[in-house]
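Predicted, not measured: the structure shown is a model, and the values here were computed from it. Start at 1 with the first residue, then count along the sequence.
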Amino acid sequence: MKINSLAKLGGVALVTGLILAGCGSKSSQSKKQEISWMTPSPIATMDTSKMTDLYSAQVANGTNEGLLRMAKNNKVDPGVAKSYTTSKDGLTWTFNLRHSKWNDGTPVTAKDFVYSWQRTVSPKTASQYAYIFANIKNADKINNGKMSPSKLGVKAEGNYKFVVSLVKPQSYFKFMVTQPEFFPQNSKTVAKYGSSYATSAAKDTYNGPFVLKGWNGTNDTWTLTKNKNYWNAKSVKIKDVKFQAVKTPSTALNSYNSGKLDFTTLSGTLAANNKKNKDYVVFPEASTSYMEFNTKKIPALRNANIRKAMSLAIDKKQMVNKVMQGGDITPKGFVPADMAKHNGQDFAKQSYVKAGTDYNLAEAKTLFAKGMKQVGKKSLSLTLLGADDDDTKRASEFVQSQLTKLPGLKITTQNIPFKSKLTRAQNQQFDLVLSAWIADYPDPSNFLDLMTSDNPQNDGKWSNKQYDALIKKSESTDANNETARWNDMVQAEKILMNQQGIAPLYQQGQAALLKSSVKGVQPFPTSPQYDWAKAYVK
């Protein structure tokens, strides 16, 4: 899922539950059960069919619930579905739903999932996440306007049995249904508000542990309040989670130190200066920050030598150790390290292409001169687009300083609000853009699919036929052969890095301060969700 370009994740999709397996002492339970949480960016939308950024997802994961919930160690827990079965051929998944409710007291049924999924794949909705449904029967034809949404391979057998028909086996489908795109939607609420559905807290319905309050569609503060109609409400010990969108890290740190926040992210010198703080923590993340090249708009960026030169000119180690300083590590490629393994082999290590993430200014200058000669240009002026938070501004300045070491290359930075940056990037209104992606599910495909020619998340429109063919093969011919599928993806990653389709900058880790009174808050490295299953205020 797209995250604030090179900004630290803050709350991420942290409110997956606040469902407590345990609880505090009797005296602790008498205290006010409230947490104040910092996030780097405000909510963009609460419409899970149109959601693309992590900060909206962090709220959706707290206010809504899918069939299953992501758990630790790449496991899943029951959600709206109390159990599920898979057919022997792996093509049919049957979810048995519990009797849960929306926050207005009406039942959540299998029909709500059918409606939601059909709405997301409908071309009228224009969901950028429709592609993630591609393995569900008829999804692609529907999204391309060649078939009615009613033909999607999902059906409700009564109110509490939901059946999904896949095109091919997909072992990680259980992880996919934990994500916001697969959450149910209340058709009556969508019909009532029409185009303004989910544009404010009051124009939505919730089936998760919390109900969203105080968000008017543009403000920087909101509250998640315990949902009394949630099926497991008795286990939710936190009453309120108060969010503050704070773009400036120093401002957030001051609020933390003054007791106004229970959590804040750290980066740069703030992270370096707080490493000995008893509240200091580093959350590992399956997330990659990278630079995209607009190959559709800028002819020169279609030249692989120019792209390779620009990547080689950026010192990733210096960026991690001297600029960001927030628990990040240098990347091995697009797919993060320690996210996916096969036969004991880490994907990032096996697909590693040294030149794809290396720093070599001398080689960069040589390749740049060669590429410029090939495109018939002596100089090139480009604008680097990024979000306007403090981290991204510093990252933009660093990348600018590195790239301008290439003779004939002029870089101008432009930092705008995250929501506007997303829109500009999606519409190819940029030359270069700083982007970041965090895993929705722990499989290399979650990253590699993004760079296929027709994927809506491929903002730079880099295209390679061999790459596309390998990804297609991994999802069709080799779908049932784990080793063959793995090898297809390894080869695809190597092509991406050898051609420098993107320039990975670093793999994210989140340095933060977390009050010792808030127990059990741990993120899932392979998902944009935090495990608040054992969290409470002491």
Side-chain angles (χ1 to χ4, degrees), residues 2-10 40-41 246-253 265-274 287-294 298 301 306-307 309-331 357-361 364-365 368 379-422 424-425 429-437 459-460 500 502-511:
K2 277 275 170 71
I3 58 178
N4 200 343
S5 300
L6 287 98
K8 296 306 177 183
L9 302 190
S41 182
V246 188
K247 295 179 180 178
T248 307
S250 59
T251 300
L253 180 59
T265 58
L266 297 171
S267 60
T269 56
L270 296 182
N273 294 338
N274 280 276
S287 173
T288 300
S289 292
Y290 57 102
M291 182 171 69
E292 293 185 84
F293 308 92
N294 193 334
I298 312 296
L301 295 180
I306 290 177
R307 297 196 303 269
M310 294 174 73
S311 178
L312 283 169
I314 302 171
D315 189 337
K316 287 82 173 177
K317 289 184 179 179
Q318 184 180 353
M319 189 171 194
V320 166
N321 297 324
K322 302 297 183 181
V323 180
M324 307 313 295
Q325 302 184 78
D328 312 300
I329 62 174
T330 54
T357 56
D358 201 7
Y359 169 65
N360 189 326
L361 185 57
K365 290 180 178 179
F368 191 72
S379 63
L380 186 61
S381 296
L382 301 171
T383 298
L384 176 62
L385 180 67
D388 63 352
D389 59 278
D390 183 72
D391 273 0
T392 307
K393 287 180 180 178
R394 287 188 296 107
S396 298
E397 291 170 0
F398 177 75
V399 172
Q400 178 191 39
S401 70
Q402 297 281 283
L403 294 181
T404 50
K405 293 178 181 178
L406 296 174
L409 179 59
K410 180 181 179 181
I411 300 293
T412 303
T413 61
Q414 184 178 22
N415 296 90
I416 60 178
F418 178 56
K419 188 175 181 179
S420 299
K421 192 229 77 168
L422 281 178
R424 289 271 301 274
Q429 296 173 336
F430 68 92
D431 301 337
L432 305 168
V433 64
L434 298 180
S435 298
W437 189 268
D459 296 328
Q500 212 70 66
I502 58 167
L505 299 174
Y506 60 84
Q507 182 178 337
Q508 291 195 351
Q510 179 56 67

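When all heavy atoms of Ala511 and Ala271 are compared, the closest pair comes out as CB-CB, 4.2 Å. When all heavy atoms of Ala387 and Phe418 are compared, the closest pair comes out as CB-CA, 4.1 Å. Nearest heavy-atom pair, Gly460 versus Glu292, reported as atom, atom and distance to 0.1 Å: N-OE1, 3.3 Å. The two atoms that bring Thr404 and Ile411 nearest to each other are CG2-N, 3.9 Å, heavy atoms only. In plain terms, the two heavy atoms of Pro504 and Thr288 that are nearest each other are CB-CG2, 4.3 Å. Between Lys316 and Thr357, the shortest heavy-atom contact is CD-O, 3.3 Å.
Inter-residue side-chain proximity for Gln318 and Tyr359 is flagged as unmet; no heavy-atom pair is nearer than 4.5 Å. No side-chain heavy atom of Ser289 sits under 4.5 Å from any side-chain heavy atom of Met324. Using a 4.5 Å heavy-atom cutoff, the side chains of Met319 and Gln402 are not in contact. Between Leu406 and Lys365 the shortest side-chain heavy-atom distance falls below 4.5 Å. For the pair Leu385/Ile416, a side-chain contact is recorded, criterion being any heavy-atom separation below 4.5 Å from C-beta on. Ile329 has its side chain out of reach of Val320: every pair of non-hydrogen atoms, C-beta onward, lies at least 4.5 Å apart.
Contact check on Lys393 versus Asp390 returns no salt bridge, with no Lys/Arg side-chain nitrogen under 4.0 Å from an Asp/Glu carboxylate oxygen.
Every residue meeting the salt bridge (charged side-chain N to carboxylate O under 4.0 Å, His left out) condition with Lys247, not counting sequence neighbours, appears here in chain and number order: Asp388.
Note that the CG atom of Leu434 and the OH atom of Tyr290 stand 10.5 Å from one another [nearest 0.5 Å]. Atom CG of Leu380 is separated from atom CG of Leu301 by 6.5 Å, given to the nearest 0.5 angstrom. In this structure, the separation between CG on Leu382 and CG on Leu432 is 5.0 Å, given to the nearest 0.5 Å. Expressed to the nearest 0.5 Å, how far CD1 of Ile298 lies from CG of Asp431 amounts to 4.0 Å. Rounding to the nearest 0.5 Å places CG of Asn321 at 8.0 Å from OG1 of Thr330. For the atom pair NZ of Lys421 and CG of Asp459, the computed distance is 7.5 Å after rounding to the nearest 0.5 Å.
For the side chain to side chain donor-acceptor pair (under 3.5 Å) condition, the pairs that include at least one residue of residues 405-417, sequence neighbours left out, are Ser396-Asn415, Gln414-Arg424.
A donor-acceptor distance shorter than 3.5 angstrom exists from the side chain of Ser287 to the backbone of Trp437, with no hydrogens or angles considered.
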